[in-house]
Asker: 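Below you'll find the structure I mean.
Proteins come first, then strands; the chains are lettered A, B, ... in the order of their sequence lines, and each starts at number 1.
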Amino acid sequence: MAFAHLIPAAFGGVAWGILGGALPGISPSITMALLLPFTYGMDSTVAVVLLASTYVGAEYGGSIPAILIGTPGTNAAAATVIDGYQMKRQGKAGEALGISLYSGFVGGLFGLMVLVLLTERLSSVALAFTPPSYFALGILGLSVIASLAGDSLLKGLIAGVMGLMVATIGTDPVTGLNRFTFGSPELLAGIPPILVMVGLFAISEMLVQTTAPDWEKATHESARIRFPSPALWKRIARPQAIGSLIGAFEGMVPGAGGSISSFLAYNEARRWSKHSEEFGHGSPEGVAAPEAANNTVACTALVPMLSLGIPSSNSAAVLLGGFLMHELVPGPMLFVQHGEVVHGLYAGLLVANIAMLIIGYLIMGPCIWLVSRPKPYLMAFIYALVVSGVYAFQASLFNVGIALAFGVVGYALRFFAVPFLPMVLGVVLGFMVESNYRRALVLSNGDLTTFVRNPISAGLLVTALIVAAGSLIRHARSHARSR
Amino acid sequence: MNRDLVFGTATLAVAASYYALTSTIPQSQLADPIGPQGLPKTYAIVLAVLSIVLIARSWRTANPEPSNPEPTNRETTNRGMVRVAGMLLIGIGYIAVLPYLGYLISVALLITATTYFQGGRVNGRTLAIALSGAALFWVLFIWLLRIQYPAGLWPSLI
């Protein structure tokens with residue numbers, strides 16, 4: 001795959017991401033999920049670059065309504081509202097948008113550097129992986145559920161088990177027998193994770209938006225981007241560094257994600273600032289730190305996803321779905337079998353970060369136009385895009401029905417305050433866990449100690465235990481504090 | 001009513017149904033020690049136990065509201081629920097009519113109906129936007145991406 005083919009994918013992904021991220025309620029993961037069906041027929045490297053670039057663009061896009069109308073386009077942009085909207089009220093919207101764009105660029109480049117340096121090293125043990133190791137890797141992925149469960153660990157676990165149940169639909173991995181297919185040939189290959197994701201993320205959000213109030217509209221006069229002056233550039237360097245470092249670490253920690261890192265970065269930037277009194281009243285540093293952090297996360301969240309196949313955020317889970325759709329299995333063997341895809345992704349992300357600077361400047365007008373459209377029309381077009389895209393995936397109306405069904409499940413999970421990322425993890429990792437567990441037992445004549453005799457498997461299981469225990473302790477402490 | 005209790009009861013029912021369905025999985029001479037029923041049965045039992053714990057906890061909880069009640073911030077009145085149901089019916093309707101009306105008309109109808117259920121008005125402007133949108137999607141999916149959507153009954157009428 002020539003590098004030149006990746007450039008339009010990176011630019012296109014960033015443009016789509018900025019537009020999606022700029023729409024309040026449409027998160028980066030939803031923006032990516034909407035695009036997922038279209039990538040099916042594409043070259044695999046182009047497809048993953050397109051999806052990853054969408055993630056990069058959406059993280060910046062979220063700051064546009066945060067600054068212009070005081071409503072974050074994405075969860076991660078919530079911290080940007082504090083000072084970004086204040087700057088807009090002081091007539092400095094263009095400056096705030098420029099700081100956001102430039103800080104996102106700095107954070108994105110730093111995140112990419114961390115991604116390139118760490119990912120391949122983490123997966124250097126690739127060739128030593130056997131069925132017990134793959135099983136243990138799946139368990140490590142599932143142990144993340146404890147940290148993704150939000151406020152209720154119990155509900156997160158329930159969602160995770162339901163995801164595992166969905167993964168059992170289709171042909172049994174060892175005997176080839178049909179399970180839970182009800183005689184339907186469409187279910188023989190199981191339920192593709194993409195349909196689960198489109199349903200849970202995109203369709204359920206649309207159902208929620210049906211009853212949500214409309215958002216404020218932006219005006220064209222408020223938004224002409226102004227890049228920071230040299231003096232301001234110097235002033236925001238420290239908060240950018242703080243944001244990038246926090247984003248790099250938090251991006252790799254499952255469950256942390258852009259929202260937590262941007263608030264942490266905001267808080268630390270205020271603590272280390274010489275002008276801490278300006279925070280909350282339109283401080284440029286208060287925009288720079290969270291924006292650098294959430295754009296760093298867009299790259300570093302891919303470290304555990306690419307190296308171990310563990311998605312640490314909703315967006316990484318959707319990207320994982322994109323990889324699986326192209327039969328690219330993130331994890332140890334990815335670098336051995338499809339090294340060109342990974343290197344293409346690195347190059348694509350570099351282009352995407354540069355593209356963000358250019359497109360971020362050019363797309364401001366269309367973004368404001370889009371955010372200002374009447375919500376009923378906007379939602380109608382998104383719905384048409386979702387059902388058309390899902391059909392396009394395998395030219396199947398059955399798939400549209402499955403996605404709608406998962407939309408209902410997603411709406412119900414939201415209604416009952418159940419996190420749905422554990423369910424996605426269960427669906428994505430279920431097949432890997434079951435097939436390798438049973439293969440390992442067949443190869444060892446039913447000897448369960450095979451999982452602890454293999455050093456990689458034992459190490460991964462111990463890590464899973466530590467991750468789960470750490471999350472349980474955090475949950476217990478937070479529960480005790482809230483009493 | 002306590003939402004955790006309702007959710008726990010629903011997932012308990014899912015666990016019971018799923019466990020019952022595992023008995024429909026045929027046996028195989030080639031089966032490994034775990035077998036195709038092994039893990040599904042385990043999942044059903046784990047889900048049942050978790051559901052029972054949630055139900056028990058919801059009985060004991062002084063504050064029955066969920067700790068992160070996102071949708072309760074939004075309008076969850078009967079009118080809102082009707083809108084949500086309407087959106088789903090629009091999707092089901094789209095699946096039902098697409099083979100007969102073809103892509104262009106079906107998408108135009110979907111856009112019109114969704115606009116109405118999202119609080120918009122159905123007037124000449126909406127119909128024009130719906131038709132333009134359908135044409136845009138037709139160009140994107142059928143002309144550019146070459147996806148084979150059902151043509152509907154139209155070719156047989158010509």
Asker: Looking at B:Val107, B:Thr126, B:Thr24, which has the largest count of heavy-atom pairs under 4.5 Å with chain A?
Answerer: B:Thr126
Asker: Going by heavy atoms in the side chains, are A:Met165 and B:Pro40 under 4.5 Å from each other?
Answerer: no
Asker: For a 4.5 angstrom cut-off between non-hydrogen side-chain atoms, does A:Pro376 reach B:Phe117?
Answerer: no
Asker: Among the options A:Ile203, A:Val442, A:Leu207, pick out the one with the most heavy-atom pairs lying under 4.5 Å from chain B.
Answerer: A:Leu207
Asker: Pair A:Leu385, B:Phe141 - check side chain to side chain contact (heavy atoms under 4.5 Å, CB included), show working.
Answerer: CA-CA 10 Å; A:Leu385 185 66; B:Phe141 285 97; 4.3 Å; yes
Asker: Between A:Leu177 and chain B, with a heavy-atom cut-off of 4.5 Å, which part of the residue counts as in contact: side chain, backbone, both or neither?
Answerer: side chain
Asker: Taking side chain as everything from C-beta outward and backbone as N, CA, C, O, which of these in A:Phe398 sits under 4.5 Å from a heavy atom of chain B? Side chain, backbone, both or neither.
Answerer: neither
Asker: Are B:Pro36 and A:Val174 close enough that some pair of their side-chain heavy atoms sits under 4.5 Å apart?
Answerer: no
Asker: I need the residue from B:Thr114, B:Thr112, B:Thr11, B:Val53 with the largest number of non-hydrogen atom pairs under 4.5 Å to chain A.
Answerer: B:Thr114
Asker: Side chain, backbone, both or neither: which part of B:Thr22 has an atom under 4.5 Å from a heavy atom of chain A?
Answerer: both
Asker: Please report the closest heavy-atom contact between A:Tyr383 and B:Met87, naming both atoms and the distance.
Answerer: OH-O, 2.7 Å
Asker: Are A:Thr168 and B:Leu39 packed together at the side-chain level, in the sense that at least one heavy-atom pair is separated by less than 4.5 angstrom?
Answerer: no
Asker: For B:Tyr116, what residues pass the ring pair (Phe, Tyr, Trp, His ring centres under 6.0 Å) criterion, not counting sequence neighbours?
Answerer: none
Asker: With ring pair (Phe, Tyr, Trp, His ring centres under 6.0 Å) as the rule and sequence neighbours excluded, what pairs involving residues 10-31 of chain B come up?
Answerer: A:Phe180-B:Tyr18
Asker: What I'd like to find out is whether the side chain of B:Leu110 reaches to under 4.5 Å of the side chain of A:Val387, using heavy atoms alone.
Answerer: yes
Asker: Please report the closest heavy-atom contact between A:Asn178 and B:Ile25, naming both atoms and the distance.
Answerer: O-CG2, 4.2 Å
Asker: Could you have a look at A:Leu413, A:Leu441, A:Val418 and say which one has the most heavy-atom pairs with chain B under 4.5 angstrom?
Answerer: A:Val418
Asker: Looking at every heavy atom in both B:Pro150 and A:Tyr391, which two are closest together, and how far apart are they?
Answerer: CD-OH, 3.4 Å
Asker: Can you give me the closest heavy-atom contact between B:Phe137 and A:Phe381, atom names plus distance?
Answerer: CZ-O, 3.5 Å
Asker: Are B:Arg125 and A:Tyr377 side-chain neighbours, meaning at least one heavy-atom pair lies under 4.5 Å?
Answerer: yes
Asker: Report the distance from atom OG1 of B:Thr42 to atom CD of A:Glu434, rounding to the nearest 0.5 Å.
Answerer: 9.5 Å
Asker: To the nearest 0.5 Å, what is the distance between CD on B:Gln118 and CD on A:Gln209?
Answerer: 7.5 Å
Asker: Any carboxylate oxygen within less than 4.0 angstrom of a Lys/Arg side-chain nitrogen, looking at A:Lys155 and B:Asp4?
Answerer: yes
Asker: Examine whether an atom of A:Asn445 lies under 4.5 Å from a heavy atom of chain B, and if so say whether it belongs to the side chain, the backbone or both; otherwise answer neither.
Answerer: neither
Asker: Below 30° counts as parallel, above 60° as perpendicular, anything between as tilted: where do the rings of B:Phe7 and A:Phe416 land?
Answerer: tilted
Asker: Quick one: what part of A:Val386 sits under 4.5 Å from any heavy atom of chain B, side chain, backbone, both or neither?
Answerer: neither
Asker: Would you mind checking which part of B:Tyr94 comes under 4.5 Å of any heavy atom in chain A, side chain (CB onward), backbone (N, CA, C, O), both or neither?
Answerer: side chain
Asker: Give the intermediate values and the outcome of side chain to side chain contact (heavy atoms under 4.5 Å, CB included) for residues B:Leu88 and A:Tyr411.
Answerer: CA-CA 11 Å; B:Leu88 284 171; A:Tyr411 185 79; over 6 Å; no
Asker: Any non-hydrogen side-chain atom of B:Trp138 less than 4.5 Å from a side-chain atom of A:Ser388?
Answerer: no
Asker: Please determine, among A:Val161, A:Leu157, A:Ile158, the option with the most heavy-atom pairs under 4.5 Å with chain B.
Answerer: A:Ile158
Asker: For B:Gln148, does the CD atom sit with more than 12 other heavy atoms under 6.0 Å from it, leaving out its own atoms?
Answerer: no
Asker: Could you give the distance from CD1 (B:Ile34) to OG1 (A:Thr175), rounded to the nearest 0.5 Å?
Answerer: 12.5 Å
Asker: With rounding to the nearest 0.5 Å, note down the distance linking CG in B:Leu54 to CG in A:Leu154.
Answerer: 5.0 Å
Asker: Quick one: of B:Ser51, B:Gly133, B:Gly35, who has the most non-hydrogen atom pairs under 4.5 Å with chain A?
Answerer: B:Gly35
Asker: To the nearest 0.5 Å, what is the distance between CG (A:Leu153) and CG (B:Leu50)?
Answerer: 9.0 Å
Asker: Heavy-atom distances under 4.5 Å only: say whether B:Ile129 touches chain A with side chain, backbone, both or neither.
Answerer: both
Asker: Can you tell me how far apart CG (A:Leu404) and CD1 (B:Ile90) are? Round to the nearest 0.5 Å.
Answerer: 10.5 Å
Asker: May I ask you to test the B:Arg57-A:Ser152 pair for a side-chain heavy-atom distance under 4.5 Å?
Answerer: yes
